[in-house]
Amino acid sequence: MDEQNKIFQTDSSTIYAIDAHTIGKAIPPNSEKLINLEIEKLQFVNEICDFFPKFIEQYITPEGQRLIVMERIYPIIPKSYSKSELINMIEDLYHKIRFLHKMDLYTMELFRF
C-alpha cells in the first residue's frame with residue numbers, strides 16, 4: 001500500500017484508506033493466526049452488533065501484503081447533533097459496549113485517540 005494512504009500505525013498493524021468507504025488493516029505477513037482470529041472476531045461481532053466496522057473481505061495486494069478490508073467509519077461532529085441526540089447516541093454506545101463485554105469481547109480501539 002502507498003504511504004500517502006496510511007491513516008494510522010501501531011506496532012502490530014497499519015490502517016490504510018482504500019477509498020471513501022473502505023479501509024484496509026495490514027498485519028505483518030508472519031501473523032496468519034492473528035489475521036484469521038481478527039477476521040473471525042469481526043464476523044462474529046458483525047452478526048450480533050452494529051458497533052464495529054463491517055468486515056468486507058480479505059485482500060492480498062500486488063506486493064503480497066494481506067489486508068483485512070472493512071467499512072470506513074468517520075468520526076461524528078458533535079456540533080451537528082442536538083444535545084438529546086448526543087445523549088441518545090452515548091446511551092446506545094454504552095449499552096452496546098456492555099453487551100459486548102457480557103460476550104467477553106473487549107476493545108482498546110475506543111481509547112486509542
Legend entry - Evaluation steps, side chain to side chain contact (heavy atoms under 4.5 Å, CB included), between His101 and Arg98: CA-CA 5 Å; His101 286 182; Arg98 299 252 324 167; 5.6 Å; no
Legend entry - Criterion side chain to side chain contact (heavy atoms under 4.5 Å, CB included) on Ile48 and Leu100, from CA distance to verdict: CA-CA 9 Å; Ile48 61 172; Leu100 291 174; 4.3 Å; yes
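Between the side chain of Arg72 and the backbone N or O of Asp19, at least one donor-acceptor pair lies under 3.5 Å. In terms of modelled atom types and a separation under 3.5 Å, the side chain of Glu47 and the main chain of Phe44 share no donor-acceptor contact. Of the possible donor and acceptor atoms, none in the side chain of Tyr59 sits under 3.5 Å from a partner among the backbone N and O of Gln65. Under the 3.5 Å distance criterion, the side-chain polar atoms of Glu71 are matched with a main-chain donor or acceptor of Lys54.
Residue Lys96 holds its NZ atom at 12.5 Å from CD of Glu91, rounded to the nearest 0.5 Å. The distance from atom CG of Asp92 to atom CD1 of Ile87, rounded to the nearest 0.5 Å, is 13.5 Å. In this structure, CG on Leu34 lies 8.5 Å from OG on Ser13, to the nearest 0.5 angstrom. Note that the CD1 atom of Ile39 and the CD atom of Glu57 stand 10.0 Å from one another [nearest 0.5 Å].
The shortest non-hydrogen separation linking Phe8 to Thr10 is CE2-CG2, 3.3 Å. Minimum interatomic distance between Phe55 and Gln43 (heavy atoms only, all atoms of both residues): CE2-NE2, 3.4 Å. Considering all non-hydrogen atoms of both residues, Asn46 and Phe52 come closest at ND2-O, 3.9 Å.
The existence of a salt bridge linking Glu38 and Lys41 is excluded, since no basic side-chain nitrogen approaches an acidic carboxylate oxygen closer than 4.0 Å.
Taking the side chain as every heavy atom from C-beta outward, Met70 and Thr22 never approach each other to under 4.5 Å. Within the 4.5 Å cutoff, no side-chain heavy atoms of Tyr16 are placed close to those of Ile23. Side-chain contact check for Leu67 versus Ile60: every heavy-atom pair is 4.5 Å or farther apart. In this structure, the side chains of Met89 and Ile76 come closer than 4.5 Å at one or more pairs of heavy atoms. Side-chain contact between Ile18 and Asn5: absent, with no pair of heavy atoms (C-beta onward) separated by less than 4.5 Å. Contact check for Ile27 versus Thr14: no side-chain heavy atoms found under the 4.5 Å cut-off.
Cluster membership for Ile35 and Leu37, using ILVMFWY side-chain heavy atoms within less than 4.5 angstrom, is not shared.
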